[in-house]
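Notes follow the structure.
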Amino acid sequence: MGNQTMNGQAMNGNLRRKWVKWSVSALLALALACLWVLLGATPAWAVMDTVNYSNANLNEVDFSGADLSAKNFISAELRNANLRNANLTNAMLTKAIMLGADLTGANLTGALVDRTFIVGADFTDAILQDATMTRTSFDDVTIAGADFTDAILDRYEQKKLCDRASGTNPTTGIATRDSLGCR
């Protein structure tokens, strides 16, 4: 009987070791999973920064000097909006209405300005490098010192812009006529 008690105690010891080993492994896996979730979580301030201006009435709004990079302005109304020195890098301005908007010194590098109605806007010293500006009208706009390097424009609109192109962009040092490929 002493031998059976020893075997039973040894068996309980093995079971206890296995239980401890499994518990430690489970706790470690749970801790790693929690750490993975915490490190992958988006901070609250980043979530608050996901502003979407699509379909918004932004007439006469003052965005001067604002960081609006990668923001959406799809079908937004920006009549007489102040976007002076605003950062609109990689912004989407599809189907926007920009009558009399002030974009003096604005950075629209890589922006998508597709099917946008732009009349009487001021693009003086604006940077429009690599912007896609297709099916967009540029009637009565001021573009002195604007840099259109590698921007995609409809041929007709490009020709209209060349008729009024002048100056050199103070930031990039590129002449407006050269950036538009004017002859």
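This chain uses plain numbering: 1 for the first residue, then up along the sequence.
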Closest heavy-atom pair and its distance - Asn59, Arg79 | OD1-N, 3.0 Å
When rounded to the nearest 0.5 Å, the distance separating CG of Asn87 from NZ of Lys71 is 9.5 Å
Within a reach of under 6.0 Å around NZ of Lys95, are more than 12 heavy atoms found that belong to other residues, nucleotides or ligands?
-> no
Considering only NZ, NE, NH1 and NH2 on the basic side and carboxylate oxygens on the acidic side, decide whether Asp114 and Arg135 come within less than 4.0 Å.
-> yes
Side-chain contact test, heavy atoms from C-beta onward, threshold under 4.5 Å: evaluate it for Phe63 versus Leu68 and give yes or no.
-> yes
Report yes if some heavy atom in the side chain of Leu78 is under 4.5 Å from a heavy atom in the side chain of Leu93; otherwise report no.
-> yes
Please tell me if the side chains of Ile143 and Leu180 come closer than 4.5 Å, counting only heavy atoms from C-beta onward.
-> yes
Going by atom types only, do Asp150 and Gln129 share a side-chain donor-acceptor pair under 3.5 Å?
-> no
Got Asn90 and Thr109 here, is their nearest side-chain heavy-atom distance under 4.5 Å?
-> no
Any chance you could measure Thr116, atom OG1, to Leu112, atom CG, to the nearest 0.5 Å?
-> 7.5 Å
Is there a side-chain contact between Leu108 and Val113, using heavy atoms and a 4.5 Å cut-off?
-> yes
To the nearest 0.5 Å, what is the distance between OG1 (Thr176) and CG (Asn169)?
-> 7.0 Å
